[in-house]
Amino acid sequence: MATPRTFAIRTFGCQMNEHDSERLAGIMVADGLERAENDADADVVIFNTCTIRENADLKLYSALGQLKAVKERRPEMQIAVGGCMAQKDRGEILERAGWVDVVFGTHNLASAPALLKRARSDGPQLEILDAPDPEANRDMAPALYAVRELPFAAWMTIQTGCDNTCAYCIVPSVRGEEISRPLDDLLEEASMLVGTGVSEITVLGQNVNSYGRDITKRGPLFARLLRALGEIEGLERIRFTSPHPKDLRPETIEAMAETRAVCPQLHLPLQSGSDRVLKAMRRGYTAERYMEKLSAARAALDDVAVTTDLIVGFPGETDAEFNESLEVIAAAEFDSAYTFIFSPRSGTRAADMVDEFIADDVVKDRFERLKQVLDRSALLKHQARVGLREEVLVEGPSRRNDAMLSGRTRQGKLIHFPVTSENLRAGSLAMVEVTHGAPYHLLGELSSVVRAPRHKVRIPLLSS
Ligand code: SF4
Ligand code: F3S
């Protein structure tokens with residue numbers, strides 16, 4: 001019997017892309033390939049790319065450059081490039097890296113095996129669809145089909161694309177318009193996942209709280225989805241990312257508050273605290289409106305952790321406007337934040353504001369000042385949790401210390417604690433008392449084991 005060909009997937013970008021890579025792995029396994037033990041020996045190397053910032057593009061071309069010599073040594077090795085950057089650059093990838101065999105986009109993951117086969121007989125293949133093809137779109141198939149990293153936690157994409165027009169963002173042009181998956185399909189998928197022992201599902205979408213707007217004229221269905229997911233027995237934790245502040249409705253907050261399985265965690269991207277900059281970004285809210293929504297969420301949701309995204313150095317951002325952001329950020333008391341330096345993306349409105357680009361040294365200085373405010377806020381939040389007993393879903397041994405386990409609290413915080421029970425394995429639920437708070441994690445001591453892992457199937461681990 002011939003040895004199966006092997007594949008490796010290298011993923012750049014957001015959780016949506018991570019999840020796409022899981023599905024891609026599932027598609028490759030279904031086609032008879034096996035995951036390579038060692039990426040360097042794989043028969044097929046697939047890059048699932050991101051293009052949110054310029055350095056994401058540079059990272060891909062640098063990785064492709066490193067593979068050129070390997071391809072010369074092993075011409076039978078195939079290289080495929082998919083995802084957001086492939087969707088944007090299309091044939092340019094084959095022009096710049098002639099040793100690439102296949103380029104596919106965000107709408108046709110499921111085509112990858114056929115394209116790889118065709119490339120072996122007919123040479124390089126390029127296939128980019130401008131919109132998802134419902135027929136060919138098996139890449140929207142249930143996550144069960146996927147090869148997941150954690151057998152007890154899963155992502156579930158509820159919508160693709162985005163109908164917003166944020167001035168800096170390239171996502172709508174590479175992921176297309178918003179398309180929601182049918183509610184029944186999602187509930188069926190979630191039930192199937194729980195049937196295999198999944199106890200935590202993170203719902204993914206570019207703007208989750210507009211979920212369903214394209215399905216019914218009666219408005220978004222996101223709150224209904226949360227409540228319906230909360231009815232699935234065995235689904236202990238539901239998280240979601242990302243809601244858009246302008247679309248965060250009271251009914252979503254109510255559904256969060258009234259659905260026990262929905263975790264007390266809200267990722268609400270602020271981007272800037274200056275109204276002029278928010279307007280130039282086309283975000284659709286003011287700092288005051290954002291803070292009102294945040295206060296409403298905090299009032300309704302017991303002990304909710306709030307995280308955000310921030311962009312530094314948007315074209316035209318003055319020192320005074322940056323200081324306004326710092327004030328709003330300090331008042332918002334975020335648990336943590338993803339901070340980004342503005343990166344112009346060709347085809348977006350902000351990329352044309354060249355005359356207003358901010359000098360690198362100014363942006364770097366602002367970035368450092370912002371980080372200080374955020375780190376201080378994160379540290380205070382974490383220190384305030386010392387002495388609390390948190391429910392932790394154990395993820396496995398700590399990456400830094402074998403004698404420790406790591407897991408996530410219901411608020412989504414990373415916590416490490418010493419192994420003091422043989423009954424604890426990845427997927428177990430435990431109560432852990434917080435003993436120390438650092439800006440990016442908590443430390444604790446095991447109080448009790450709540451339950452053993454539930455997952456029944458052994459799912460191969462993704463290589464990172
Ligand atoms: Fe981009 Fe704005 Fe859509 Fe988010 S909401 S994906 S930032 S266009
Ligand atoms: Fe995500 Fe990057 Fe695409 S952030 S949606 S992988 S451009």
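For ligands, and for the atoms within them, numbers begin at 1 and follow the listed sequence.
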Evaluate the ring planes of F314 and Y168, with Trp represented by its six-membered ring, and classify them as parallel (under 30°), tilted (30 to 60°) or perpendicular (over 60°). perpendicular
Quick test of your reading of the model: are D361 and K364 salt-bridged, counting only N-O distances below 4.0 Å? no
Provide the number and element of each atom of ligand 2 under 4.0 Å from a heavy atom of C14. 1 (Fe), 4 (S), 5 (S), 6 (S)
Note: R175, heavy atoms under 4.0 Å from ligand 2, region reported as side chain
So if I count the atoms of ligand 1 from 1 in the order they appear, which ones are less than 4.0 Å from some heavy atom of H244? 5 (S)
What is the nearest protein non-hydrogen atom to atom 5 (S) of ligand 1, stated with its residue, atom name and distance? N164 ND2, 3.5 Å
I need the atoms of ligand 2 closer than 4.0 Å to a non-hydrogen atom of C84, numbered in the order shown. 3 (Fe), 5 (S), 6 (S), 7 (S)
May I ask you to identify the nearest protein heavy atom to atom 2 (Fe) of ligand 2, giving residue, atom name and distance to one decimal place in Å? C50 SG, 2.4 Å
Looking at E200 and R408, is any side-chain nitrogen of the basic one under 4.0 Å from a carboxylate oxygen of the acidic one? no
Salt-bridged, D275 to K279, with N to O below 4.0 Å? no
Give the residue and atom name of whichever protein heavy atom lies nearest to atom 4 (Fe) of ligand 1, and the separation in Å to one decimal. Q206 O, 4.3 Å
State the atoms of ligand 1, each with its element, that fall below the 4.0 Å cut-off from a heavy-atom position in P172. 8 (S)
Enumerate the atoms of ligand 2 whose separation from the nearest heavy atom of T51 is less than 4.0 angstrom. 2 (Fe), 7 (S)
R289/E292 salt bridge by N-O under 4.0 Å criterion: yes
With a cut-off of 2.8 Å, does C162 put an N/O/S atom close enough to atom 3 (Fe) of ligand 1? yes
Which of the atoms in ligand 1, numbered in the order shown and given with their element, are less than 4.0 Å from a heavy-atom of C169? 1 (Fe), 6 (S), 7 (S), 8 (S)
Is the backbone N or O of A69 less than 3.5 Å from a side-chain atom of W99, with the two atoms forming a donor-acceptor pair by type? no
Step by step, work out the side chain to side chain contact (heavy atoms under 4.5 Å, CB included) result for R90 and V103. CA-CA 7 Å; R90 303 178 176 221; V103 175; 5.8 Å; no
Has Q206 got any heavy atom lying under 4.0 angstrom from an atom of ligand 2? yes
For atom 7 (S) of ligand 1, what is the closest protein heavy atom, and at what distance to 0.1 Å? Y168 OH, 3.5 Å
Please confirm whether R283 comes under 4.0 Å of ligand 1, counting heavy atoms of the residue only. yes
Test: R96 and D57 ion pair at under 4.0 Å: no
Short list, please: which atoms of ligand 2 are under 4.0 Å from a heavy atom of N17? 6 (S)
Can you report which non-hydrogen protein atom sits closest to atom 2 (Fe) of ligand 1, along with the distance? C166 SG, 2.3 Å
Salt bridge (Lys or Arg N to Asp or Glu O under 4.0 Å) for R120 and D101? Distances and angles first, verdict last. CA-CA 8 Å; R120 281 158 81 183; D101 297 280; over 6 Å; no
Looking at Y61, I want to see if its OH is surrounded by more than 12 non-hydrogen atoms of other residues, nucleotides or ligands under 6.0 Å. yes
